[in-house]
Amino acid sequence: MTRTTGRSQRGGHTGVSIEDVAAAAGVSTATVSRAVRGLPRVSPATREKILEVAASLGYVASSSASGLATGRTRTIGVLAPFVSRWFFSKAIEGADRELHSRKYNLSLFNLGGHGSNRERLFSSTMVYKQIDALLVLCMALSEDELEHLHKIDIPLVVVGGHVEDCAYIGINDYDAATTAVRHLLDLGHKDIALLHGDDETDLNFDVPRVRIRAFQDVMTDAGLEVRPEWDEWGDFTVASGQQAFNRLWNQPGRKPTAIFCSSDEMAMGVIFEATRHGVRVPEDLSVIGIDDHDFSEALGLTTVGQRPDDQAELGTKMLLDELDGIAGAVHSEVAPHQLIVRETTAPPCR
């Protein structure tokens with residue numbers, strides 16, 4: 001008797017599951033999935049054997065009508081913790097640009113800033129939608145999630161953060177933060193505060209930690225004190241930058257002459273709130289961020305710029321090239337960053 005499981009339901013009305021085909025062909029379910037969907041990394045002989053076994057058992061892989069001939073959906077999944085924030089919206093824009101040019105579709109999986117639906121997402125949604133590859137934006141993947149992705153064996157690229165054992169594309173966050181802090185030191189600043197990212201969304205990506213370490217290392221190497229009372233956190237939003245400035249400036253005692261913010265949006269919040277309190281930027285407080293947000297030039301914000309749209313476009317190109325059978329198409333690559341000096345940083349006046 002054949003088994004009727006979540007995957008057998010995906011396999012059509014016959015009740016024959018992908019596990020049944022794998023057992024009969026003597027291969028893994030991942031290999032069956034790749035063979036019936038026309039994906040690379042399956043030898044012609046193995047593919048032919050699997051298709052013969054599948055046909056003899058009456059197994060039919062569910063797919064959209066347009067994809068039945070090849071088993072492919074011509075759809076790439078994009079997994080994002082947020083869609084409203086600058087980095088993620090720009091990355092999605094870049095991915096869609098490449099997909100549109102090559103006549104592929106984009107399927108967006110939005111966690112909405114929390115991980116409550118992650119288990120369902122990885123256990124069923126991605127399988128049922130039958131995406132051909134996955135682009136992950138700036139978030140970590142758990143061991144269980146990686147295991148699941150390996151089982152369905154689709155090409156995978158992470159953009160904007162490092163994930164163990166996965167190809168990833170992004171700036172060197174340590175070097176980018178180092179560039180920002182050294183700019184402040186070169187201007188003569190010694191009293192420098194830190195506004196870093198703080199992950200309260202259980203996404204656990206490593207970008208905040210790396211930028212914190214870079215700040216601490218540069219300050220220590222320069223023989224300067226890293227003052228714990230000047231260590232503030234935010235969630236990469238303008239509002240969190242405003243709140244961090246208020247916490248920092250309401251403290252008694254000496255004030256910093258500069259602040260390194262781990263994102264432009266938090267830097268914007270600092271500038272807005274400083275202005276409300278009569279703190280002049282850059283005369284009283286120099287402010288630098290990371291990103292080169294669309295509004296940064298208009299605000300005159302000094303920043304270390306990056307292009308998440310280009311990063312995601314490149315990652316998407318790698319995925320599509322691998323699907324087209326180009327060996328080694330998916331690989332890790334460091335994206336460029338650059339210091340952009342504008343009006344929010346200057347030598348200290350005191």
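Note that the numbering runs from 1 along the sequence shown for the chain. Note that the structure is a prediction, hence the values are computed from the model and not measured.
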When the side chains of residues 48-58 are checked against the rest of the protein, which donor-acceptor pairs come out under 3.5 Å, sequence neighbours left out?
{"residue": "Lys49", "atom": "NZ", "partner": "Ala25", "partner atom": "O", "Å": "3.0"}
{"residue": "Ser56", "atom": "OG", "partner": "Glu52", "partner atom": "O", "Å": "3.4"}
{"residue": "Ser56", "atom": "OG", "partner": "Val53", "partner atom": "O", "Å": "2.7"}

One thing to verify: whether [Y] and [X] come together as a salt bridge, which I'm taking to mean a side-chain N less than 4.0 angstrom from a carboxylate O.
{"X": "Lys317", "Y": "Glu313", "answer": "no"}
{"X": "Arg97", "Y": "Asp310", "answer": "yes"}
{"X": "Asp132", "Y": "Arg74", "answer": "no"}
{"X": "Arg102", "Y": "Asp321", "answer": "yes"}
{"X": "Arg211", "Y": "Asp175", "answer": "no"}
{"X": "Arg85", "Y": "Glu265", "answer": "no"}

As an exercise, state the distance from [atom1] of [X] to [atom2] of [Y], rounded to the nearest 0.5 Å.
{"X": "Lys90", "Y": "Arg307", "atom1": "NZ", "atom2": "CZ", "value": "6.5 Å"}
{"X": "Thr179", "Y": "Ile290", "atom1": "OG1", "atom2": "CD1", "value": "8.5 Å"}
{"X": "Thr316", "Y": "Gln311", "atom1": "OG1", "atom2": "CD", "value": "11.5 Å"}
{"X": "Thr302", "Y": "Leu339", "atom1": "OG1", "atom2": "CG", "value": "7.5 Å"}
{"X": "Phe236", "Y": "Phe87", "atom1": "CZ", "atom2": "CZ", "value": "10.5 Å"}
{"X": "Asp96", "Y": "Asp309", "atom1": "CG", "atom2": "CG", "value": "12.0 Å"}

(request) Please lay out, stage by stage, how Gln338 and Val304 fare under the test side-chain contact (heavy atoms from CB on, under 4.5 Å). (result) CA-CA 5 Å; Gln338 63 171 339; Val304 177; over 6 Å; no
Between [X] and [Y], is there shared hydrophobic-cluster membership here, with clusters defined by ILVMFWY side-chain heavy atoms closer than 4.5 Å?
{"X": "Ile340", "Y": "Phe260", "answer": "no"}
{"X": "Phe295", "Y": "Val238", "answer": "yes"}
{"X": "Met266", "Y": "Trp230", "answer": "yes"}
{"X": "Leu224", "Y": "Leu187", "answer": "no"}
{"X": "Ile288", "Y": "Val281", "answer": "no"}

Please find the pair of heavy atoms, one from [X] and one from [Y], that lie closest to each other, and give the distance.
{"X": "Leu156", "Y": "Val330", "value": "O-CG1, 3.7 Å"}
{"X": "Ala214", "Y": "Ala177", "value": "CB-CB, 3.6 Å"}
{"X": "Val287", "Y": "Ala267", "value": "CG1-CB, 3.8 Å"}
{"X": "Thr31", "Y": "Val42", "value": "O-CG2, 4.2 Å"}
{"X": "Asp291", "Y": "Ser263", "value": "OD2-CB, 3.8 Å"}
{"X": "Pro336", "Y": "Ile171", "value": "O-CG2, 3.4 Å"}

Would you check if the side chain of [X] reaches a backbone N or O of [Y] as a donor-acceptor pair within less than 3.5 Å?
{"X": "Thr75", "Y": "Ile131", "answer": "no"}
{"X": "Lys103", "Y": "Ser101", "answer": "no"}
{"X": "His189", "Y": "Ala346", "answer": "yes"}
{"X": "Asn246", "Y": "Gln242", "answer": "yes"}
{"X": "Gln251", "Y": "Glu229", "answer": "yes"}

(request) Would you tell me whether Asp292 and Gln306 have side-chain atoms, one donor and one acceptor, within less than 3.5 Å of each other? (result)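 Asp292 vs Gln306: no donor-acceptor pair found between side chains.
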Are side-chain heavy atoms of [X] and [Y] found at a separation under 4.5 Å?
{"X": "Thr344", "Y": "Ser286", "result": "no"}
{"X": "Leu79", "Y": "Leu134", "result": "yes"}
{"X": "Pro282", "Y": "Thr345", "result": "no"}
{"X": "Pro44", "Y": "Arg47", "result": "no"}
{"X": "Phe88", "Y": "Pro308", "result": "no"}
{"X": "Ile169", "Y": "Val158", "result": "no"}
{"X": "Glu232", "Y": "Leu194", "result": "no"}
{"X": "Glu273", "Y": "Gln243", "result": "no"}

(message) Per the ring pair (Phe, Tyr, Trp, His ring centres under 6.0 Å) rule, what does the pair list look like for residues 313-344, sequence neighbours excluded?
(response)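 Ring pair (Phe, Tyr, Trp, His ring centres under 6.0 Å) check on residues 313-344 returns no pairs.
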Answer yes or no: does atom [atom1] of [X] have more than 12 heavy-atom neighbours from other residues, nucleotides or ligands under 6.0 Å?
{"X": "Glu283", "atom1": "CD", "result": "yes"}
{"X": "Lys190", "atom1": "NZ", "result": "no"}
{"X": "His277", "atom1": "NE2", "result": "yes"}

(request) Given side-chain contact (heavy atoms from CB on, under 4.5 Å), test Ile192 with Ile259 step by step and report yes or no. (result) CA-CA 5 Å; Ile192 305 174; Ile259 181 167; 6.0 Å; no
(message) Walk me through whether Leu319 and Leu135 qualify under side-chain contact (heavy atoms from CB on, under 4.5 Å).
(response) CA-CA 8 Å; Leu319 293 174; Leu135 192 74; 4.1 Å; yes
(request) Evaluate side-chain contact (heavy atoms from CB on, under 4.5 Å) for Asp231 paired with Val226, printing each intermediate quantity in order. (result) CA-CA 8 Å; Asp231 183 303; Val226 177; 5.8 Å; no
(request) Kindly indicate whether a cation-pi arrangement holds for Arg247 with Trp233, taking the cut-offs as under 6.0 Å to the six-membered ring centre and within 45° of the axis. (result)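 Verdict for Trp233: a cation-pi partner in Arg247.
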(request) Take Thr257 and Asp191 through the side-chain hydrogen bond (donor to acceptor under 3.5 Å, both in side chains) test and state the conclusion after the steps. (result) CA-CA 6 Å; Thr257 62; Asp191 297 325; 5.2 Å; no
(request) Measure up the Phe245 and Trp249 rings against each other and bin them: parallel (under 30°), tilted (30 to 60°), perpendicular (over 60°). (result)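 It falls in the parallel class, under 30°.
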(message) For Tyr168 and His162, take the angle between the two ring planes, folded into 0 to 90°, and tell me which bin it lands in: parallel under 30, tilted 30 to 60, perpendicular over 60.
(response)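 Ring orientation of Tyr168 relative to His162: perpendicular.
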(request) Could you list who else is in Val210's hydrophobic cluster, with ILVMFWY side chains joined at under 4.5 Å, directly or through other members? (result)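 Besides Val210, the hydrophobic cluster comprises Tyr174, listed by chain and residue number.
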